[in-house]
Peer 1: 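Below are the structure tokens for one structure; questions will follow.
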Amino acid sequence: MKSLVLVKQVPDANSVFRINAEGTWIDESNLSFAMNDYDRYALEELLKLKDAGKLEEVVALTVGSPEASSVLRTCLAMGADRAIHVKHEASSRLDPLSIARLVVAATRDQDFSLILAGLQADDDNHTQIGGLVAGVLDWPSATAVMSLELKDGGTLRVERELENNELQVVDLKLPAVLSVQTGINSPRYATLKGIMGAKKKPVTTLTAADLGVEATSGLRSVSLSPPPTGKGADVLSGSPDEVATQLVSRIREKTGVL
Amino acid sequence: MQSKIIVLAEHDGKVPREISLELLGLAHRIKEGSEVKAVLLGSGIESAAAELASRGAAEVVYVEGTAVENYNVDAFRKSIEPILNDEAPDLVLIGHTPNGWDVAAPLAGRLGVPLVTGCAQITMSDERTLFTRKAFNGKFVHQVEVTGARPLLATVDKGASAPFDGTTSGTVRKIESRLSLEDLRASYIETRAGETGGLDLREADVIVSAGRGVGGPDKLGVVRELAEALGGQLGASRAVTDAGWLPHEHQIGSSGVSVSPKLYVACGISGAIQHVVGMKGSGYIVAINKDPDAPIFGVAHVGVVGDLFEIVPALTKALREAKGR
Ligand SMILES: Cc1cc2nc3c(=O)[nH]c(=O)nc-3n(C[C@H](O)[C@H](O)[C@H](O)COP(=O)(O)OP(=O)(O)OC[C@H]3O[C@@H](n4cnc5c(N)ncnc54)[C@H](O)[C@@H]3O)c2cc1C
């Protein structure tokens with residue numbers, strides 16, 4: 001059985017973000033990028049299945065700028081067998097539906113039975129790529145998956161995270177698409193051997209034109225701005241000892257716990 | 001031009017969930033004079049449907065049947081799709097809840113229309129509809145517009161809108177589900193509680209929580225000492241429990257526990273919405289974070305911008321001195 005994991009390159013969360021000149025998104029120049037955290041868990045889940053002899057192949061795919069090839073190299077170094085890079089210069093301006101259509105077009109006829117994605121991306125927080133791909137393919141899907149088990153007869157048992165520490169157990173017929181929640185496993189790190197080996201693994205590069213998909217931005221970013229100020233914390237200043245003294249008196253005044 | 005807005009409602013057995021009433025409230029405010037309808041799926045839900053009809057929906061279409069008795073992505077999507085095709089709404093509102101986002105994206109993919117998720121506000125005029133949401137886990141407010149597609153599909157955050165405050169005398173229409181469980185590719189098995197240890201943070205008067213900013217399990221000591229000095233319990237963000245620095249029972253937030261201590265101290269926590277919903281009911285909130293733009297400062301009462309490894313030990317020391325130890 002062949003599997004696919006969808007991955008995305010996102011700006012490192014510790015970056016200092018500046019809004020771009022048009023005021024529509026962040027200025028992406030001079031940022032450092034990393035693999036979206038949720039996607040690391042999705043990849044690990046497939047690698048575990050492959051280690052257990054339940055999957056033949058794990059393929060990583062990204063729709064992203066030319067620089068996004070580095071996340072594919074990370075996936076290959078962690079253990080993916082091959083990678084597909086759908087190159088798009090302005091991928092952060094593509095709407096999620098176009099990305100889903102590109103994913104489907106790029107993997108058509110490749111016989112994948114299981115597609116995994118991260119629950120959301122840490123930059124746009126869209127929380128929809130997995131479900132959209134399932135909708136376009138007309139496959140069953142599940143989101144916020146916290147455990148998965150391949151059963152006999154082409155079925156998958158998954159546990160979906162609900163709220164308040166509850167889980168929903170669902171069976172899905174394969175082929176299926178899942179989006180994975182953080183904490184489902186402990187993602188592995190690439191080893192030096194993995195990093196060396198990754199160089200020899202195949203990466204297929206495609207474009208929207210190759211795939212005959214008209215990639216649009218039906219979802220247009222109008223503005224990006226800092227959250228409104230006004231209410232919020234009184235920010236204390238001074239040396240650590242000074243702020244500590246101020247905090248103690250605030251806590252004493254306001255809480256009654258001292 | 002009159003617009004038609006459909007709310008996809010959720011229920012807990014017999015009663016509509018609060019998010020559904022919030023969506024009805026939002027639907028009435030999005031554009032003056034809109035026609036607002038609700039869709040509800042389940043089994044034995046006539047009274048829940050009637051309640052929605054009195055709390056903002058001009059018509060409630062409810063689908064009854066065993067296939068939709070429990071939430072199931074395949075049955076729900078297949079039941080909602082024909083209703084949307086018949087009704088041809090301009091906008092469909094869905095809760096940004098685990099079941100809401102689970103069905104919204106497959107529905108959008110099938111209908112071939114974009115989806116906007118996690119909205120806090122939506123405004124509509126004859127010319128354009130603007131969706132206000134968050135990006136970068138709350139660091140920024142993101143406004144988006146959908147061009148050239150109908151219906152518009154959006155998921156809306158819990159608690160973002162006030163429920164409809166009037167009463168309506170809407171009609172109720174039942175649709176018997178013809179789906180059979182055998183034909184579905186997804187089946188609901190059960191809902192169960194996640195693992196918990198002995199810790200119950202819901203009763204604590206003081207909680208001191210550690211976030212990813214603490215940097216590692218070996219560095220939790222300073223936060224633990226502050227919790228001890230305050231006679232409180234140790235809480236955590238999901239980043240900390242996912243990484244295994246603390247067991248899951250310490251996790252506060254939408255998928256962890258909701259707490260309401262008299263004092264909550266957040267150390268190295270950014271303040272993502274899923275964390276905030278679990279602690280915003282705290283009496284007094286102190287945030288310590290080195291990023292002045294961290295969203296946690298938007299919910300805290302008092303904040304310190306700085307390195308927690310300098311601030312937290314100084315606070316512990318000052319507390320011990322104040323207590324005369
Ligand atoms: C469906 C869903 C459910 C979720 N449920 C939950 C939940 O129940 N609970 C939860 O917490 N999250 C939950 N999350 C995850 C949530 O979105 C965030 O990812 C998480 O809360 C981030 O944790 P954090 O604030 O510790 O880490 P980060 O967001 O990485 O923030 C770390 C912070 O530490 C600061 N920092 C770093 N070093 C220092 C230092 N030396 N001194 C001071 N500050 C420092 C940084 O400035 C940053 O603000 C959920 C997400 C989803 C999608």
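Lettering of chains follows the sequences in order, A, B, ..., and the numbering in each one begins at 1.
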Peer 1: Specify which of Ala134(A), Ala144(A), Ser141(A) makes the most heavy-atom pairs with chain B at under 4.5 Å.
Peer 2: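 Maximum pair count with chain B is reached by Ser141(A).
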
Peer 1: At a 4.5 Å cut-off on heavy atoms, which part of Leu172(A) comes close to chain B: side chain, backbone, both, or neither?
Peer 2: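 When you check distances to chain B, atoms from both the backbone and side chain of Leu172(A) fall under 4.5 Å.
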
Peer 1: Where does Lys78(B) contact chain A at under 4.5 Å (heavy atoms): side chain, backbone, both or neither?
Peer 2: neither

Peer 1: Run the ring pair (Phe, Tyr, Trp, His ring centres under 6.0 Å) test on Trp25(A) and Phe140(B) for me, step by step, so that the C-alpha distance in whole Å, both residues' side-chain angles and the decisive distance to 0.1 Å come before the verdict.
Peer 2: CA-CA 9 Å; Trp25(A) 192 242; Phe140(B) 292 107; 8.2 Å; no

Peer 1: Roughly how far, to the nearest 0.5 Å, is OH of Tyr71(B) from CD of Gln168(A)?
Peer 2: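 Spacing of CD (Gln168(A)) from OH (Tyr71(B)) equals 7.5 Å.
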
Peer 1: Less than 3.5 Å apart, any donor N or O on the side chain of Asp102(B) or Thr143(A) sitting next to an acceptor on the other?
Peer 2: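 Checked: Asp102(B)/Thr143(A) side chains pair up, N/O donor to acceptor below 3.5 Å.
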
Peer 1: Using a cut-off of under 4.5 Å for heavy-atom pairs, which of Leu115(B), Val304(B), Asp205(B), Val146(B) has the most such pairs with chain A?
Peer 2: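 Most heavy-atom pairs within the cutoff with chain A belong to Leu115(B).
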
Peer 1: Would you say Arg220(A)'s side chain and Thr147(B)'s backbone share a donor-acceptor pair under 3.5 angstrom?
Peer 2: no

Peer 1: Just checking Asn30(A): does its CG atom have more than 12 heavy atoms from other residues, nucleotides or ligands closer to it than 6.0 angstrom?
Peer 2: no

Peer 1: Give, as side chain, backbone, both or neither, the part of Asn99(B) having an atom under 4.5 angstrom from any heavy atom of chain A.
Peer 2: both

Peer 1: Should we count CZ of Arg93(A) as having more than 12 external heavy atoms under 6.0 Å?
Peer 2: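 Not buried by this count: 12 neighbours or fewer within 6.0 Å.
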
Peer 1: Is a side-chain donor-acceptor pair under 3.5 Å present for Arg133(B) with Asn125(A)?
Peer 2: no

Peer 1: What part of Glu242(A) lies closer than 4.5 angstrom to a heavy atom of chain B: side chain, backbone, both or neither?
Peer 2: neither

Peer 1: Is it the side chain or the backbone of Asn137(B) that comes within 4.5 Å of chain A heavy atoms, both, or neither?
Peer 2: both

Peer 1: I'd like to verify something: which residue of Val170(A), Ile19(A), Thr182(A) has the highest number of heavy-atom pairs under 4.5 Å with chain B?
Peer 2: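 Sorted descending by pairs with chain B, the first entry is Thr182(A).
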
Peer 1: Checking Ile26(A) against chain B: side chain, backbone, both or neither under 4.5 Å from a heavy atom?
Peer 2: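 Side chain only.
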
Peer 1: Considering only heavy atoms, which portion of Val286(B) lies under 4.5 Å from any heavy atom of chain A: side chain, backbone, both, or neither?
Peer 2: side chain

Peer 1: What part of Gln246(A) gets within 4.5 angstrom of chain B, counting heavy atoms only: side chain, backbone, both, or neither?
Peer 2: neither

Peer 1: With the threshold set at 4.0 Å, does a side-chain nitrogen-carboxylate oxygen contact exist between Asp241(A) and Lys317(B)?
Peer 2: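 Looking at Asp241(A) and Lys317(B), the cut-off is met.
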
Peer 1: Quick one: do the Asp124(A) and His142(B) side chains pair a donor with an acceptor below 3.5 Å?
Peer 2: no

Peer 1: Heavy-atom cut-off 4.5 Å, strictly under: side chain, backbone, both or neither for Ala186(B) against chain A?
Peer 2: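 Both backbone and side chain of Ala186(B) come within 4.5 Å of chain A.
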
Peer 1: Any chance you could lay out the salt bridge (charged side-chain N to carboxylate O under 4.0 Å, His left out) test for Arg77(B) and Asp138(A), step after step, and finish with the verdict?
Peer 2: CA-CA 10 Å; Arg77(B) 202 210 77 204; Asp138(A) 195 11; 3.0 Å; yes

Peer 1: Counting only heavy atoms closer than 4.5 Å, note whether Leu97(A) contacts chain B via side chain, backbone, both or neither.
Peer 2: side chain

Peer 1: Is it the side chain or the backbone of Asn14(A) that comes within 4.5 Å of chain B heavy atoms, both, or neither?
Peer 2: neither

Peer 1: Among the options Val136(A), Leu174(A), Asn185(A), Thr24(A), pick out the one with the most heavy-atom pairs lying under 4.5 Å from chain B.
Peer 2: Val136(A)

Peer 1: Quick one: what part of Glu195(B) sits under 4.5 Å from any heavy atom of chain A, side chain, backbone, both or neither?
Peer 2: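 For Glu195(B), the backbone is the part near chain A, not the side chain.
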
Peer 1: Could you measure the distance from the CH2 atom of Trp101(B) to the OG1 atom of Thr127(A)? Nearest 0.5 Å is fine.
Peer 2: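 Going from CH2 on Trp101(B) over to OG1 on Thr127(A), the span is 7.0 Å.
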
Peer 1: Taking CZ in Arg192(B) as the centre, count heavy atoms belonging to other residues, nucleotides or ligands within less than 6.0 Å. Is the count above 12?
Peer 2: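 Above 12, so yes.
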
Peer 1: Could you walk me through whether Arg238(B) and Glu161(A) pass the salt bridge (charged side-chain N to carboxylate O under 4.0 Å, His left out) test, one step at a time?
Peer 2: CA-CA 13 Å; Arg238(B) 182 173 190 131; Glu161(A) 182 180 271; 2.9 Å; yes

Peer 1: About how many Å separate CD of Gln274(B) and CD of Glu163(A), when rounded to the nearest 0.5 Å?
Peer 2: 10.5 Å

Peer 1: Check whether Asp171(A) reaches the backbone of Ser187(B) with its side chain - one donor and one acceptor, N or O, closer than 3.5 Å.
Peer 2: no

Peer 1: When you look at Val302(B) and Leu236(A), which way does the side-chain contact (heavy atoms from CB on, under 4.5 Å) test go after all the steps?
Peer 2: CA-CA 7 Å; Val302(B) 62; Leu236(A) 305 179; 3.6 Å; yes

Peer 1: Name the member of Gln128(A), Glu166(A), Glu159(A) that forms the most heavy-atom pairs with chain B at distances under 4.5 Å.
Peer 2: Gln128(A)

Peer 1: Using heavy-atom distances under 4.5 Å, tell me whether Ala108(B) contacts chain A through its side chain, its backbone, both, or neither.
Peer 2: both

